[in-house]
Amino acid sequence: MQKQLQQITVDMQLEEHYHTLEKALLTLYFHNNCTTKSLAYMTDLPIPIVSAMKKEFAKQGWGKHSLTKKGQLAVSQYFQLSGADAELYLQLTTDDAFRIEWITQNISELSTIYDARPKADVAIDQAKCTVETALKRALLALDYTMLLNKRILCLGDDDFISIALAFLIKKIAPHSATKIIVLDIDRRVLSTISKIAKDYELPITTDYYNVQVPLPETYAAQFDCVYTDTPYTLIGAQLFLSRAINALKPEAMRHVFFSYAKRSYQKQWELQQSLYAMGFVINNIHYDINNYEGAQILGATSQLFVLQTTKQMNPYIPNQRKFTRPIYTGEIEKKSVVYQCNHCKNSLTVGTGNEYTTITQLQSSSCPNCKNNKFSQIKRTVKKTQSQHTLGHHILLELHDCNGALLNDVQQIKKIMCQAAHKAKATIVTEHFHHFSPYGVSGVVIIQESHLTIHTWPEYGYAAIDVFTCNSKLTLQEAVQYITEQFNAGNATQHYVHRGK
């Protein structure tokens, strides 16, 4: 059936890929009868596309507004729906009130299993999510048609999302062919999940994996979606997401359910810039799903991004050799906090490299002098590793609708670029400009603080310009403004990049 869906995608020139067809077929299977309008609403597609989709289904003999017996059989076999609970599927996907009630009812059933999770290792940014959170995350796979007949990767799973996913599958479609793979650096987590999977006959396989080494070929381009709760650092998130890209099947519209600590607006911008650069589309951001047990660094909550892949996927970190930079918070931000016992005034330091790494551990152990467990913070220090400092500032300037004659005048361009360097208060070392035949100019101004470059396409009225410096005191924006004015660009955009961070 997959080949037929792929062919329909080609015939329809459907940008949304065949996963949208899968969602439509599942909707028809469980709802029995759908108007074009209602199916458009449930699949988030325009009515003309849904209408064309239904015609293609009819050509295959699967039905149009409702599935034929042939269509029902084809969908049932494809998704392994024998014994599926159709009523539960419908209620979980259409009734928000029922969904909340179902989660509440099933928390107790899973609580005993989740109590078996190993103690969180703060050195690798672990924090246990609540059982309610695990179930809510698992339901996202159902919402995005990533639960049935899929290969799901849990890249790091101290939260036991794999257990919640397997639990949900058994409730909805116990004979589903879905496979869940857990890759984790913590052997305690792997051992516990493996035992639970064996005891409860869950479709989960575990394997040891350190994301700082390349993803093994065994797992490359194998998965339909990835769940990951990454370290709380930007570089940690970039590394985990890069490995997720390596693991996903190459077609567009795969999904990554990515949890990440809430950050300042500036750090949020840097994260979203990275997501964009890697080729992800942010389908949704949930602020009401992730809750953690005793995670002070998170404020007990975090945000959950639903990311969708495109044809432009590009891992931030190549899957070629071991990644050696620090990725965990304790490695990058070496925090130490001095607490004073409220009873005997004894001072104790909490943080990485000390006897107590968190205040929770100190409170659990109590004061070694008087056994009191109440403390007051009196001093806090944070030392960041140099890898977090920006080494260079880079502006990528796009100029459109410029004067074609000026863009072909090598001497004028040389004059403008050199003057721009002076405007930035840079020191010119040398310069070189070249005119191409019949038109086009490329040039570079080397400055003590880095460089300015330009490449022009007079026939399109376009110029690509880079302004780069390792000296944060240069006035780059004055240079950019001067260049934009001199070329009289009708349309100018710029992209700012932190280099070496």
Side-chain angles (χ1 to χ4, degrees), residues 116-129 134 137-138 141 146 150-166 178-198 202-250 254-261 274 278 280 305 307 309 313-332:
R117 286 179 293 179
K119 185 178 179 181
D121 185 351
V122 295
I124 53 175
D125 287 354
Q126 287 183 351
K128 297 179 184 178
C129 77
R137 286 194 207 168
M146 288 288 145
K150 300 296 180 186
R151 285 179 60 86
I152 302 174
L153 172 63
C154 293
L155 188 57
D157 196 28
D158 58 294
D159 286 329
F160 280 27
I161 302 304
S162 58
I163 304 297
L165 285 163
T178 295
K179 301 295 182 186
I180 303 169
I181 310 296
V182 175
L183 300 180
D184 203 293
I185 194 173
D186 191 332
R187 296 189 187 277
R188 303 172 307 156
V189 168
L190 296 172
S191 175
T192 308
I193 291 176
S194 293
K195 185 179 185 306
I196 294 169
K198 182 179 180 181
L202 303 177
I204 302 172
T205 302
T206 65
D207 197 1
Y208 175 84
Y209 174 59
N210 178 356
V211 294
Q212 291 183 281
V213 302
L215 185 75
E217 284 296 321
T218 311
Y219 301 114
Q222 295 294 312
F223 297 93
D224 296 285
C225 72
V226 176
Y227 278 83
T228 188
D229 194 336
T230 73
Y232 313 143
T233 63
L234 179 60
I235 191 64
Q238 290 166 337
L239 178 58
F240 271 70
L241 291 173
S242 294
R243 300 299 187 235
I245 292 171
N246 299 139
L248 289 167
K249 294 176 182 177
R254 304 295 173 180
H255 286 81
V256 177
F257 303 104
F258 157 52
S259 297
Y260 189 69
S274 293
M278 284 187 271
F280 285 114
F305 291 83
L307 305 178
T309 62
M313 299 313 297
N314 181 39
Y316 186 87
I317 298 165
N319 193 48
Q320 294 171 347
R321 61 180 183 178
K322 186 174 181 179
F323 186 76
T324 58
R325 288 175 58 188
I327 63 171
Y328 297 108
T329 304
E331 299 172 318
I332 293 173

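- Note: Ile180 CD1 to Ile163 CD1 = 8.0 Å, rounded to the nearest 0.5 Å.
- Checking side-chain atoms of Asp157 against main-chain N and O of Ser162 turns up a donor-acceptor pair under 3.5 Å.
- Taken from CG in Asn210 to NZ in Lys322, the straight-line distance is 6.5 Å, to the nearest 0.5 Å.
- Between Tyr328 and Pro231, the shortest heavy-atom contact is CE2-CG, 3.6 Å.
- For the side-chain contact (heavy atoms from CB on, under 4.5 Å) test with Cys225, the passing option among Met146, Lys150, Arg151 is Met146; the others fail.
- Between the side chain of Thr192 and the main chain of Arg117, no donor-acceptor pair closer than 3.5 Å is present.
- Atom-to-atom distance recorded for Ile193:CD1 and Ile204:CD1 is 6.5 Å, nearest 0.5 angstrom.
- Nearest heavy atom pair, residue Ala261 against residue Tyr232, reads CB-CD2, 4.1 Å.
- The aromatic rings of His255 and Phe257 lie parallel to each other, with less than 30° between the two planes, well short of the 60° mark.
- Although no hydrogens or angles enter the test, the distance criterion places no donor-acceptor pair under 3.5 Å between the side chain of Asp159 and the main chain of Ile161.
- Considering only heavy atoms from C-beta on, Phe240 stays 4.5 Å or farther from Asp229 through its side chain.
- The CG atom of Leu153 sits 12.5 Å away from the CZ atom of Arg243 when rounded to the nearest 0.5 Å.
- One distance of note links OG1 of Thr230 with CD1 of Ile327; it measures 9.0 Å at 0.5 Å rounding.
- Every pair passing side chain to side chain donor-acceptor pair (under 3.5 Å) that includes a residue from residues 213-225 is listed here, sequence neighbours excluded: Asp207-Tyr219, Asp224-Lys249, Asp224-Arg254.
- Listed for the Ser194 side chain is a donor-acceptor partner under 3.5 Å among the backbone atoms of Leu190.
- Rounded to the nearest 0.5 angstrom, Asp184 CG and Ser191 OG are separated by 12.0 Å.
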